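Written out below as structure tokens is the structure these notes cover.
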Amino acid sequence: MVSPVLVKFRVEDRTVPRSSPLEHIRNIAIIAHIDAGKTTTTERILYYTGRTYKIGDVDEGTAVMDWMKQEKERGITITSAATTCYWHDHHINIIDTPGHVDFTAEVERCLRVLDGGVVVFDAVAGVEAQSEAVWRQADRYNVPRICFINKMDRTGADFDRSLSMIEQRLQAKPLPVQLPLGSGPSYKGIIDLVENKAWSFDGNIDSEPAEVAIPESEQAKCASFRQTLIEKLAEYDDQIMVAYLEGSRITAAELRGALRRATLANKGVPVLCGSALRNKGIRPLLDAIVSYLPSPLDMPPVRAIDTKLGAEVTRPARDDAPFSALAFKVVSDPFVGRLVYLRVYSGRVEAGAQIFNATRGKKERIGRLLLMHANHREEVADADTGAIVATLGLKNTFTGDTLCHSSQPVLLESIRFPEPVLSIAIEPRTKADQDKMGEALNKLSEEDPTFRVNYNQETGQTVISGMGELHLEVLVSRLLSEFRVGAKVGKPRVAYKETITIPVRAEAKFVRQTGGHGQYGHVCIELEPMERGSGFQFVDRIKSGTIPKQYIPAAEAGIKEALQNGVVAGYPVVDIKVSLYDGSYHEVDSSELAFKMAGSMALRDGVARAKPLLLEPIMRLEVVTPEQFLGDIIGDLNSKRGRIEAIEPHGGISIIRSFIPLAETFEYTTSLRSLTQGRATHSMEFYRHQVLPAELADQVKTMGRS
């Protein structure tokens with residue numbers, strides 16, 4: 001194995017490896033449903049790689065990666081935390097992500113910039129609701145993955161069922177490379193199908209795995225699974241197919257090579273098992289991360305748009321290529337200030353260097369460069385290709401911005417985030433709190449792209465919006481404790497939307513004459529409804545210069561501005577196509593302002609005549625309950641306008657999948673606990689907007705205008 005190149009420098013009186021060959025770098029995310037054991041798994045990884053000398057515990061609030069006060073209080077991960085460790089001469093950058101749906105933006109931004117993922121599943125629950133959500137996110141970015149079926153020591157753990165659920169519910173192709181030795185309280189180790197060996201773990205954190213004979217009762221199953229693994233790999237891999245057809249003996253090294261190729265091509269997913277809490281299976285997981293997940297060199301060259309030429313270009317993963325990086329996270333650190341997290345895709349950058357923000361069109365200067373270990377920092381002199389670092393000094397850089405060399409500016413694909421679905425009103429307690437609150441909300445919105453702040457001119461209220469009750473609860477908690485803002489918080493309100501149902505044409509003229517130059521803008525637009533979830537589309541159909549080109553962006557800006565406040569109840573208008581097809585201008589009096597006003601007026605007039613209606617957010621709800629409470633829960637869901645999609649029985653437990661309006665879910669946790677003596681659990685994620693029933697629309701209209 002090639003030794004990594006080390007550049008030594010001093011940080012806090014200790015020497016830290018500076019860089020590794022690109023083929024030895026792994027940038028990975030730990031992703032899963034809430035409570036599957038992501039953070040516990042990460043804590044064990046840090047211990048075994050020598051990154052920490054003491055294991056943190058999530059339940060006791062001592063986990064290194066869950067460092068925020070709100071995370072320690074709730075025992076959950078809220079913000080993604082980055083760290084770096086080393087295993088067998090490989091440099092592993094890890095981001096531990098949240099599992100709760102309210103913090104899905106953290107998963108989205110991490111998967112956008114990372115090369116591989118470890119998906120953790122609970123061996124009892126198998127594939128849960130948020131497991132599906134994070135899997136779809138990883139599919140969207142074509143992230144190669146390995147699966148770790150955790151909690152094999154729990155009563156009811158079922159490895160085969162988990163495999164089946166991965167195949168059926170995730171439409172994936174699992175490639176089990178391990179089988180469990182026992183399950184539940186009798187779980188003691190793994191059978192390695194690649195090496196055809198068995199390993200036992202005694203649960204002691206510092207004990208080495210002990211090789212044991214494969215039990216006779218497991219030998220037939222082991223042989224069957226290994227043969228199936230070879231046959232599946234033969235479907236994807238020519239080298240294995242040739243050896244299989246010729247009847248040649250396939251070595252462990254050949255199997256590992258084929259597994260790596262299948263994983264990198266997203267044709268299969270290696271599946272491992274263990275119990276992170278009992279310190280079982282973590283070393284083999286680290287070996288699998290190194291063996292099967294990609295280095296930056298294994299990923300296709302990142303695509304970008306050359307801003308000078310307007311053409312697509314690529315940036316290869318090389319230190320001598322032009323510098324390009326994506327800012328994927330902004331954090332307001334109380335000790336060092338505004339931190340911007342970067343993924344360097346090509347080239348290298350030094351502390352103090354001047355760079356170009358191609359998204360904003362502004363030059364920036366890199367301050368200090370920091371390697372992050374949760375909330376601890378290690379200063380470095382530079383960052384090369386494949387690095388994930390944080391930097392100080394970038395004042396005008398935000399999430400999703402591209403940073404590059406000013407002589408070769410490019411734009412990388414940004415990051416798309418879901419729209420917020422829940423809002424609350426918030427107001428300062430005193431005059432002194434007013435300025436503090438504005439500054440704090442601005443910092444929080446910079447950190448979290450799914451957190452929105454709006455000021456309602458009619459009511460004089462500040463309205464904050466987020467992804468759910470827990471999301472807003474955490475943000476308000478940070479506002480009060482971290483930023484020390486005195487504030488009064490209203491009850492949660494649903495973020496309804498408005499849309500149109502019929503196509504219409506609208507026309508508006510903005511004419512003002514006040515002596516001297518006046519204002520003149522005239523637009524004709526056509527409005528058409530689109531499918532749910534389509535958002536907004538603007539089409540320029542102007543011909544023969546009836547409106548000069550310089551005024552068309554202004555008209556579009558006016559239309560977009562008017563979309564923010566609909567005519568039914570003042571909610572944003574969505575799923576609409578607006579075509580600008582005609583208009584006129586005045587050689588002297590026309591201006592961008594006039595066309596912006598005309599666009600806004602035409603949009604409002606058109607929406608009012610297009611039979612507008614209200615849309616409400618619908619949530620996908622999954623409830624896991626003992627069967628004895630099934631009837632009560634279904635009755636409760638029916639009373640809340642819920643729609644049952646499926647009920648899956650499993651060993652005395654039922655999984656209810658349903659859809660329910662967000663407006664009916666407030667305090668659902670309390671309601672479910674009282675119905676089931678606290679024995680049921682649930683998870684929710686946003687599904688889509690759909691038409692609000694007419695009998696409820698009038699009530700919402702009154703609320704929206706109040």
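Predicted, not measured: the structure shown is a model, and the values here were computed from it.
From E231, atom CD reaches atom OH of Y244 across 3.5 Å, with rounding to the nearest 0.5 Å. In this structure, CD on E622 lies 7.5 Å from CD on E648, to the nearest 0.5 angstrom. Rounded to the nearest 0.5 angstrom, N204 CG and K280 NZ are separated by 11.0 Å. The distance from atom CZ of R226 to atom CG of L179, rounded to the nearest 0.5 Å, is 11.5 Å.
Between E473 and R478, no side-chain nitrogen of the basic residue sits less than 4.0 Å from a carboxylate oxygen of the acidic one, so the salt-bridge criterion is not met. Under 4.0 Å is where a charged nitrogen must lie from a carboxylate oxygen, and between R145 and D139 at least one such pair does. Ion pair D115/R343 flagged as a salt bridge, since at least one NZ, NE, NH1 or NH2 atom sits closer than 4.0 Å to an Asp/Glu carboxylate oxygen.
Although no hydrogens or angles enter the test, the distance criterion places no donor-acceptor pair under 3.5 Å between the side chain of H91 and the main chain of T84.
Each of L175, V119, I149 was compared with V271 under the side chain to side chain contact (heavy atoms under 4.5 Å, CB included) criterion, and only I149 meets it.
With a 6.0 Å cutoff to the six-membered ring centre and a 45° limit on the axis angle, R169 does not count as a cation-pi contact of W135.
Heavy-atom contacts from other residues, nucleotides or ligands closer than 6.0 Å to CZ of R260 number more than 12. Other residues, nucleotides and ligands contribute at most 12 non-hydrogen atoms within 6.0 Å of the CZ atom of R416.
For the residue pair D206 / Y48, no side-chain donor-acceptor distance below 3.5 Å is found, with atom types taken as modelled. Inspection of the R44 and N279 side chains reveals an N or O donor paired with an N or O acceptor under 3.5 Å. Counting only N and O atoms by type, the side chains of D35 and H33 include no donor and acceptor under 3.5 Å apart.
Not counting sequence neighbours, the partners of F659 by the ring pair (Phe, Tyr, Trp, His ring centres under 6.0 Å) test are Y687.
The aromatic rings of F451 and H471 sit perpendicular to each other, their planes meeting at more than 60°, with 30° as the lower class boundary.
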